Amino acid sequence: EKAGFDHFMLKEIYEQPKAYRDTMMGRVSEDGRSVVLKEIGMTAEQIRGIRKVHIVACGTAFHAGLVGKTVIEGLARIPVETDVASEYRYRSPIITPDTLVIVVSQSGETADTLAALREAKRNGARVLAITNVVGSSVAREADDVIITQAGPEIAVASTKAYTSQLIAFNLFGLYLAQVLGTRDEAFVAEVLEAMHKLPEQVEAIIEQAPVLKQVADSISTHNNLFFIGRGVDFAVAQEGSLKLKEISYIHSEAYAAGELKHGTLALIEDGIPVIAVITQKDLYEKTLSNIKEVKARGAHVLGVVNAGMEEEVGKSVDELFVIPKTLQLLSPTLSVIPLQLISYYASLARGNDVDKPRNLAKSVTVE
Ligand code: F6R
């Protein structure tokens, strides 16, 4: 059932182009100019009444929520807070009937996420679930459900479920923008056109797996590394760091690039690998100055950049990985792919059980 792949994780990484297509299928109008989300029962009036959004999830799904925050705030201009589900209930969150709570869960069975959903409903909020499993507890209890069509995910480390959640957030963000009129039809059509190109672009990245294997082989000899980025690139950096820790057992930290100098820079020493995600044109100069800071202390820097930025960034890093050109908004759906592959190959190089990392379970049903 691994269909010729050595591990489910690799198979699932390769299934992402299909997962993107399937998650978009039936959710775009025939002329390609608008998002159709028949599964959303909220009326236009109810959507106009949303004053704030809370996104609540655990682990990788939480990291998808961090990207979701940028997408929804950027497209619909509604303020969004993000919480890890195990913290949400205990901070007395201010949940009001005009709050939309979005829970994100691949399995739909994560205990903390389910408890957060129930807390939200008890306080009169409307709950939207983004989940991969039809009929799961989260799907059954939410008011509205967007099913990510990633197909079954077997490897403990989430890959295609995460990227499908990103697709779902983009669709939902565009949908809100349509209803609220915060973006015009031409803009929505442009984003959808770019989204339709993503599956092929993911394939193009996967074709470069041998290069990423080399990067991973050299990383696998280290015990510490850093991921840095700004804005959504920081969100992707956090996901890359979690994935690496989870399956390679190499310690890493994700840092907002501008925060390094407030303490963490003390940990940068000769030879330490730093992976910098740089896909946002308006932020790259700032991140480049942070790269100079770590390079001056001996770090070996891999830059993951959007096509078109290789010249500006290339001079400042030791290695460059270029993702195909897409809209800045959509870049997480591509920039995370090389990080997934690096984690996979680093785990392999260390001789770990890639699909079943130690101490972890696929579905966490205890709080
Ligand atoms: C990491 C991973 C976990 C899950 C988390 C939530 O690769 O898979 O961090 O994302 O346990 O699980 P779900 O999405 O099923 O609620």
Side-chain angles (χ1 to χ4, degrees), residues 7-13 15-16 19 23 55-68 82-89 101-120 127-142 145-169 227 235-250 252 254 332 336-337 339-344 346-347 352-367:
H7 298 94
F8 282 110
M9 184 182 177
L10 192 62
K11 173 173 177 269
E12 289 160 5
I13 288 173
E15 283 170 347
Q16 289 177 114
T23 301
I55 301 177
V56 189
C58 300
T60 285
F62 172 71
H63 293 155
L66 295 178
V67 177
T82 52
D83 281 89
V84 288
S86 57
E87 291 289 322
Y88 187 62
R89 273 175 304 153
V101 176
I102 305 180
V103 293
V104 191
S105 175
Q106 184 284 128
S107 64
E109 301 298 344
T110 299
D112 282 310
T113 307
L114 190 56
L117 178 160
R118 289 176 180 158
E119 177 76 7
V127 177
L128 163 67
I130 297 179
T131 178
N132 198 36
V133 181
V134 180
S136 60
S137 304
V138 159
R140 277 186 279 115
E141 295 192 27
V145 184
I146 298 178
I147 297 289
T148 49
Q149 300 287 355
E153 192 178 63
I154 310 293
V156 166
S158 181
T159 53
K160 62 176 182 170
Y162 167 81
T163 45
S164 303
Q165 287 157 1
L166 301 186
I167 298 295
F169 269 119
F227 289 84
V236 171
Q238 289 175 75
E239 171 56 10
S241 176
L242 173 63
K243 208 97 301 171
L244 186 74
K245 285 186 280 248
E246 183 178 14
I247 55 171
S248 75
Y249 317 150
I250 300 169
S252 67
V336 77
I337 311 282
L339 307 188
Q340 295 170 344
L341 283 162
I342 288 171
S343 300
Y344 172 76
S347 174
N352 298 347
D353 187 344
V354 178
D355 285 338
K356 286 201 181 69
R358 67 189 182 202
N359 310 341
L360 296 171
K362 183 65 184 164
S363 181
V364 183
T365 50
V366 291
E367 292 186 26

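For this chain, numbers begin at 1 and follow the sequence in order. When a ligand or atom number is given, it counts from 1 through the structure's own listing order. Every value quoted in this text rests on a predicted model; they were computed, and no experiment measured them.
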**OP:** State, with a plain yes or no, whether a side-chain heavy atom of Val138 is found less than 4.5 Å away from one of Ile130.
**Re:** no
**OP:** For residues Lys11 and Ile154, determine if any side-chain heavy atom of one lies less than 4.5 Å from a side-chain heavy atom of the other.
**Re:** no
**OP:** Applying side chain to side chain donor-acceptor pair (under 3.5 Å) between Thr163 and each of Glu12, Gln340, Gln16, report the one that passes.
**Re:** Gln16
**OP:** Walk me through it: do Glu109 and Ser137 pass the test side chain to side chain donor-acceptor pair (under 3.5 Å)?
**Re:** CA-CA 6 Å; Glu109 301 298 344; Ser137 304; 2.5 Å; yes
Subject >> Under 4.0 Å from ligand 1, counting heavy atoms only: the protein residues, by chain and number >> reply: Cys58, Gly59, Thr60, Ala61, Ser105, Gln106, Ser107, Thr110, Val156, Ala157, Ser158, Lys243, Glu246
Subject >> Lys/Arg-Asp/Glu bridge criterion (N-O < 4.0 Å) met for Lys160, Glu15 >> reply: yes
Original post:
Mind checking what makes salt bridge (Lys or Arg N to Asp or Glu O under 4.0 Å) contact with Lys362, not counting sequence neighbours?
Top reply: Glu153
